[in-house]
Number of protein chains: 2
Amino acid sequence: MRILLTSLGAMPANDVEALLTSHAIAVEHIPSAEHAQLYARTYSFDIIVLHLASASTAAIDLIGRLRAIEGRSTPVMVVARQMAASDQALLLDAGADDVVMLPSDGKILCARLRAAVRRTVGFTRSVLQVGPVELDMAGRSVTVAGQPVHMSATEFRLLELLLLRKNSVVRKETMLHALYDNDEPEIKSVDVMIHRLRKRLAGAGLDSFIATVWAAGYIVRQADEPAVTPTAALPPHPRGATPAPRRIAGAVTQ
Amino acid sequence: MRILLTSLGAMPANDVEALLTSHAIAVEHIPSAEHAQLYARTYSFDIIVLHLASASTAAIDLIGRLRAIEGRSTPVMVVARQMAASDQALLLDAGADDVVMLPSDGKILCARLRAAVRRTVGFTRSVLQVGPVELDMAGRSVTVAGQPVHMSATEFRLLELLLLRKNSVVRKETMLHALYDNDEPEIKSVDVMIHRLRKRLAGAGLDSFIATVWAAGYIVRQADEPAVTPTAALPPHPRGATPAPRRIAGAVTQ
DNA sequence: CCAACCGATGCGCATTTTGCTGACCAGCCT
DNA sequence: AGGCTGGTCAGCAAAATGCGCATCGGTTGG
């Protein structure tokens, strides 16, 4: 964990440094806030600890500037000796991730440092991607090669289903069951929805993204790791490849 | 801001509830931790406040389970009356986002709540900013392009909800639950509220800030940051499918 | 090798679902 | 009393959906 420790004004942060180092946490102590900004801009830290005397406007500005550094994700923790409650609230609202009053227990300070660092990592947006198609589950949006593509609700859910089950055949009955809670329409509607979905994708310049598996369903194949070119590698039809004449066995998802 | 308040064991959290409500923060108080888990699984909250007596293993388990609910990492704040430093550190390392000792100043508690919530959704200050819109969670004020815009209480909470959930679709049912503690009105009221909120923003010269996602809800999208997308450039494809509608409808980005 | 068959595809229309907007009325707080 | 707020309703507009029908294409059996 890389920690940048600095202070504003004439605050000696030596005691804080001693407290942290005594808990086996290495800090980089830059006494001048100006230098600290340069430092944080050049190198990357997990957290910035700011030793303050009061909640001055200069301090609030500094918090804002430190947070804005490096893709605005570095957490800032403020330590101070004495501070009014309203000032603490002010600093928190201004962007400080935590405010700790000194003297503080070393264990707590370290745990708070870890907590602040842990929080800022891990922004995962649920995006399914297969080839040029990206589907944002949270934002309910689809892009093909970066271009946004409009989808109706059912089309979206259908594409979501196919992407979740990529590389395996999805049967029409499965789609019907997944798309409708109850009151399922005729199975033919699935064909129509597939057709409409294909038309949407074709409108974005993407053809044959959803493949038809005859008498089984549909499939979206992941094309990454292109050791073999799937377009050319599709044999017309291996005549004797299917020993079972009527039932097609294979990777069929329920 | 949607807050779930619960406690472990026989801890009455009524004083915490009173403290928060006295600061105009609405909480949902579920006395039983078991029920609270079910509740958090069903609805989505911005933060879970957990009233503890001590750092028991049950408490640590509960924190882990609450955090893991529904994929979305809901922040958990622990409030307690007295606790050893090592126990506080334990809870923080177990996944708690903040630990506050009671009695605490209401201002600080609220500011810490705001800080914990905004961190987990990607904001850096308690002033939520998306495009020209700035919403001050602490000051309960809204500005559009620097100009203050008056909002009613419901409109403010609705906008706050949309901003906290930026880039993800908010369903109408979620809004209904977030806007009303009990006695929910009909779902159609959400349409009207959105309409009124849009009219406020339009009065400040801002159009199509809140986009409709058909059959799903509403969304506020943040224009993507200057991060360039070096996607393989596809030749411009002929498209006549999207004739640029007057009103943004459906799952279309931007 | 050919033809019949059956599933897949394409298209258009009528219907249903969903969203938008203005209006009305009932509380509530000045 | 009067304005602000908030819930409900009705009418309208738009999007989405289901289905019928025609056609295409592969599979299969002779």
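Letters A, B, ... are given to chains in the order of the sequence lines, protein chains preceding strands, and every chain is numbered from 1.
Distances shorter than 4.0 Å separate none of the side-chain N or O atoms of Lys199(B) from OP1 or OP2 on dT21(C). Here His195(A) does not reach the OP1 or OP2 of dT9(C): none of its side-chain N or O atoms lies under 4.0 Å away. Distances shown here put a side-chain N or O of Tyr218(B) below 4.0 Å from the OP1 or OP2 atom of dC20(C).
Per the geometry, CH2 belonging to Trp214(A) stands 12 Å off C1' belonging to dT9(C), to the nearest Å. Distance CZ (Arg198(B)) to P (dG19(C)): 11 Å, rounded to an integer number of Å. For Glu173(A) and dA8(C), the CD to P distance is 10 Å, given to the nearest whole Å. Asp207(A) places its CG atom 13 Å from the P atom of dT9(C), with the value rounded to the nearest Å. When rounded to the nearest whole Å, the span between CG of Leu159(A) and P of dA16(D) equals 15 Å. Nucleotide dT9(C) holds its P atom 8 Å from the CD1 atom of Ile194(A), rounded to whole Å. Atom pair Arg171(A):CZ and dA8(C):C1' shows a separation of 17 Å (rounding to whole Å applied). Note: CG (Asp191(B)) to P (dA14(D)) measures 17 Å, nearest angstrom.
In this structure, Arg112(B) does not pair ionically with Asp105(B), as no charged nitrogen and carboxylate oxygen lie closer than 4.0 Å. Under 4.0 Å is where a charged nitrogen must lie from a carboxylate oxygen, and between Glu186(B) and Lys188(B) no such pair does. A salt bridge links Arg114(B) to Asp93(A): at least one charged side-chain nitrogen sits closer than 4.0 Å to a carboxylate oxygen. Between Arg200(B) and Glu155(B) there is a salt bridge, since at least one side-chain N of the basic residue sits less than 4.0 Å from a carboxylate O of the acidic one. The pair Lys172(B)-Asp191(B) counts as a salt bridge, with a side-chain nitrogen and a carboxylate oxygen less than 4.0 angstrom apart. Between Arg198(A) and Asp207(A) there is no salt bridge, since no side-chain nitrogen of the basic residue lies less than 4.0 Å from a carboxylate oxygen of the acidic one.
Side-chain N or O atoms of Thr42(B) include one that pairs as donor or acceptor with a backbone N or O of Leu38(B) at under 3.5 Å. Between the side chain of Glu160(B) and the main chain of Met1(B), a donor-acceptor pair closer than 3.5 Å is present. Between the Asp46(B) side chain and the Arg2(B) main chain, a donor and an acceptor come within less than 3.5 Å of each other.
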Tabulated below should be each protein N or O lying under 3.5 Å from an N or O of nucleotides 26-30 of chain C; please produce it.
none

Atom pairs, protein N/O to nucleotides 4-9 of chain D N/O, distance under 3.5 Å:
unit_1: dT5(D); atom_1: OP1; unit_2: His150(B); atom_2: NE2; d: 2.6
unit_1: dT5(D); atom_1: OP2; unit_2: Arg200(B); atom_2: NH2; d: 3.3
unit_1: dG6(D); atom_1: OP1; unit_2: Thr154(B); atom_2: N; d: 3.3
unit_1: dG6(D); atom_1: OP1; unit_2: Thr154(B); atom_2: OG1; d: 2.5
unit_1: dG6(D); atom_1: OP2; unit_2: Ser152(B); atom_2: OG; d: 2.4
unit_1: dG6(D); atom_1: O5'; unit_2: Thr154(B); atom_2: OG1; d: 3.3
unit_1: dG7(D); atom_1: OP2; unit_2: Tyr180(B); atom_2: OH; d: 2.6
unit_1: dG7(D); atom_1: N7; unit_2: Arg196(B); atom_2: NH1; d: 3.3
unit_1: dG7(D); atom_1: O6; unit_2: Arg196(B); atom_2: NH2; d: 2.6
unit_1: dT8(D); atom_1: OP2; unit_2: Glu186(B); atom_2: N; d: 2.9
unit_1: dT8(D); atom_1: OP2; unit_2: Ser189(B); atom_2: OG; d: 3.0
unit_1: dC9(D); atom_1: OP2; unit_2: Glu186(B); atom_2: OE2; d: 3.4

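Checked against dG22(C), dC11(C), dA8(C), the side chain of Lys172(A) finds its nearest nucleotide in dA8(C).
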